[in-house]
2 protein chains.
Amino acid sequence: MARRSDHSREEIRQMALNAAETIVVAEGYKGLSARKVAGAIDYTVGTLYLVFDNLDDLVLQVNGRTLDALYEWLRARRAPDADARASLLALADAYIAYAETETPRWNMLFEYITDKGNALPDWYQMKLSKVFGLAEVALKPLADHRSEQEIQQAARVLWASVHGICTLRIRHRMDLAGGQSTGEMAHMLVDNFLQGFEA
Amino acid sequence: MARRSDHSREEIRQMALNAAETIVVAEGYKGLSARKVAGAIDYTVGTLYLVFDNLDDLVLQVNGRTLDALYEWLRARRAPDADARASLLALADAYIAYAETETPRWNMLFEYITDKGNALPDWYQMKLSKVFGLAEVALKPLADHRSEQEIQQAARVLWASVHGICTLRIRHRMDLAGGQSTGEMAHMLVDNFLQGFEA
DNA sequence: AAAATAATTGAACGACGTTCAGTTTGTTGC
DNA sequence: GCAACAAACTGAACGTCGTTCAATTATTTT
């Protein structure tokens, strides 16, 4: 049954992305396959390749959605009216909570590795920047005497650091040091970093 | 030609690990396959499964070697006689240099993800602890008034943070904020954190 | 109604991880 | 020296994978 036109190209795209998300949540990154996605939306593999360049492209699109979801999750949980310290701690906690709640989706954000030297597309970088931006906004009140650039740098350093703690913990590369939870480690980081940054 | 006894089981194991490393360096994690490893050591796939449980097991063994190599790399480059700050900066720089020099091997350390909830084996955790230990030793002179546990926690937080910066940069998840290099970001982190930690 | 066009299929390709019946070799007991 | 046994090793087989593309079918256009 060719040209069913039951669904537009864009509809198929969205259906495929939904199906892919469901599969990743249920079976993890490795459980994802073109045939499974196609089957889940009642199309064949061939059709998938009309809509996506390849599986990596599909994964990248799912990741794009995940970044959007992450941004909304963080925005809903930040404490914009608190002081910088509390605000950044809220962000860190929210990030960790997202990673722990949506582990398969969050994992996929970093399991997808570009070929050596090939950067991610611009639209993807912008989504990333949007997430980083939340930390910049939170950090600003603490240091409005500093340059825009310094704040951006510090925000990214902080963000990457929280991410590092989070990723090593979730992937079992760092056992609980003295019973300290992931959140407590992140707090230790933010507290000490800010104390230095304020000085 | 069965039971060639040209090589002992352990020899085959080492040959396979060597071959796997070569393949990973040349073609990356995704380029690794059982057939390629077997071919490279002039055995067949079947033999590989006498020596390793499965490909994940082989990858884990390679990662174990990588952790050993990383430890030696860091040990050779640390500045044990410098003050804590300089010592930790040297470690951070060395870690970043390793990741940038041995990117495929280093990447594989984190691309291998255990099934949900399954921790890594004890021998692997010990190798990880050994690496973390370098940071603990470097940090100790700065805070010998603090408890052993506090130092361990702080060292791990610092390490994970440097790792986070490193991984986001190498995987293109964080563009150069205002032209700041990976090393400069790590320095910013260490400097500010230590200032807070000392206080 | 025929021709042109677009959408969709599904078989095909080579490669993958993993298994295991079968073959070959070394070792042991006579 | 020879049979019997055990260990080492093979390679074909299974099901799955990403990806391609000639063939088929449905819609539009003429």
Side-chain angles (χ1 to χ4, degrees), chain A residues 1-24 26-63 104 108 111-115 118, chain B residues 1-24 26-63 104 108 111-115 118:
Chain A
M1 355 155 196
R3 166 102 94 138
R4 306 199 262 193
S5 72
D6 290 353
H7 307 102
S8 72
R9 215 141 246 240
E10 183 56 24
E11 277 173 332
I12 293 180
R13 223 182 76 93
Q14 297 301 331
M15 286 161 60
L17 293 178
N18 288 340
E21 276 173 0
T22 305
I23 293 167
V24 169
E27 311 176 38
Y29 180 54
K30 287 175 188 161
L32 191 69
S33 83
R35 278 174 246 262
K36 272 190 205 163
V37 172
I41 62 172
D42 270 312
Y43 279 85
T44 54
V45 248
T47 302
L48 225 50
Y49 282 82
L50 295 171
V51 176
F52 300 101
D53 295 343
N54 47 48
L55 251 214
D56 276 356
D57 182 29
L58 189 152
V59 169
L60 196 67
Q61 310 287 334
V62 173
N63 282 347
M108 200 164 79
E111 277 164 15
Y112 171 85
I113 297 188
T114 58
D115 294 337
N118 290 7
Chain B
M1 1 152 190
R3 168 103 91 140
R4 306 200 260 193
S5 75
D6 291 352
H7 308 102
S8 72
R9 214 143 246 238
E10 183 55 26
E11 278 173 331
I12 293 180
R13 224 184 74 94
Q14 296 302 332
M15 286 161 60
L17 294 179
N18 289 339
E21 277 173 0
T22 305
I23 293 167
V24 169
E27 312 176 38
Y29 180 53
K30 287 175 190 162
L32 191 69
S33 84
R35 277 175 244 263
K36 272 189 204 164
V37 172
I41 63 172
D42 270 313
Y43 279 84
T44 53
V45 249
T47 302
L48 226 51
Y49 281 82
L50 295 171
V51 177
F52 300 100
D53 295 342
N54 47 50
L55 250 214
D56 277 356
D57 181 30
L58 189 151
V59 168
L60 195 67
Q61 311 288 335
V62 173
N63 282 347
M108 200 164 80
E111 278 164 14
Y112 170 85
I113 297 187
T114 58
D115 293 338
N118 290 5

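Throughout, a chain's letter reflects where its sequence line sits, starting with A, and its residues are numbered from 1.
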So which protein N/O to nucleotides 15-21 of chain D N/O distances come out below 3.5 Å?
{"unit_1": "D/dC17", "atom_1": "OP1", "unit_2": "A/Ser33", "atom_2": "OG", "d": "3.3"}
{"unit_1": "D/dG18", "atom_1": "OP1", "unit_2": "A/Ala34", "atom_2": "N", "d": "3.4"}
{"unit_1": "D/dG18", "atom_1": "OP2", "unit_2": "A/Ala34", "atom_2": "N", "d": "2.9"}
{"unit_1": "D/dG18", "atom_1": "N7", "unit_2": "A/Arg35", "atom_2": "NH2", "d": "2.5"}
{"unit_1": "D/dG18", "atom_1": "O6", "unit_2": "A/Arg35", "atom_2": "NH2", "d": "2.7"}
{"unit_1": "D/dT19", "atom_1": "OP2", "unit_2": "A/Tyr49", "atom_2": "OH", "d": "2.7"}
{"unit_1": "D/dT19", "atom_1": "OP2", "unit_2": "A/Leu55", "atom_2": "N", "d": "2.8"}
{"unit_1": "D/dT19", "atom_1": "O5'", "unit_2": "A/Tyr49", "atom_2": "OH", "d": "3.3"}

**Study point:** Any residue meeting salt bridge (Lys or Arg N to Asp or Glu O under 4.0 Å) with A/Glu111, in chain and number order, not counting sequence neighbours
**Key:** none
Review point. For B/Tyr29 and C/dC16, what is the distance between atoms OH and C1' respectively, to the nearest whole Å?
Key: 13 Å
Check your understanding: Looking across every strand, which nucleic acid part, if any, lies under 4.0 Å from B/Leu58 by heavy atom: base, sugar-phosphate, or nothing?
Key -> nothing
Check your understanding: To the nearest angstrom, how far is A/Arg13 atom CZ from C/dT8 atom C1'?
Key -> 19 Å
**Study point:** Spacing of B/Tyr112 atom OH relative to C/dG17 atom C1', expressed in whole Å
**Key:** 15 Å
Practice item. Just grab all the side chain to side chain donor-acceptor pair (under 3.5 Å) pairs involving residues 31-40 of chain A, residues at least two apart or on different chains. Key: A/Glu27-A/Lys36
Practice item. Give a yes-or-no answer on whether the side chains of B/Asn18 and B/Gln14 include a donor-acceptor pair shorter than 3.5 Å. Key: no
Practice item. Let me know the distance between CG of B/Asp6 and P of C/dT24, rounded to the nearest Å. Key: 17 Å
Point to revise | For atom CG of B/Asp57 and atom P of C/dG17, their distance in whole Å | key: 14 Å
Exercise for review: Take the protein atom CZ of B/Phe52 and the nucleotide atom C1' of C/dT19, then report the distance between them rounded to whole Å.
Suggested key: 18 Å
Review point. Mind checking what makes side-chain contact (heavy atoms from CB on, under 4.5 Å) contact with A/Val59, not counting sequence neighbours?
Key: A/Tyr29, A/Leu32, A/Asn63, A/Met108, A/Tyr112
Point to revise | A/Tyr49: partners by side-chain contact (heavy atoms from CB on, under 4.5 Å), with sequence neighbours left out | key: A/Ala34, A/Asn54
Revision key, fill the gap. Sequence neighbours excluded, the answer for side-chain contact (heavy atoms from CB on, under 4.5 Å) partners of B/Met15 is B/His7, B/Ile41, B/Tyr43
Exercise for review: Find the distance B/Leu48:CG to D/dA8:P and express it as a whole number of Å.
Suggested key: 15 Å
**Study point:** Length of the CD-P vector between B/Glu27 and C/dA15, whole Å
**Key:** 12 Å
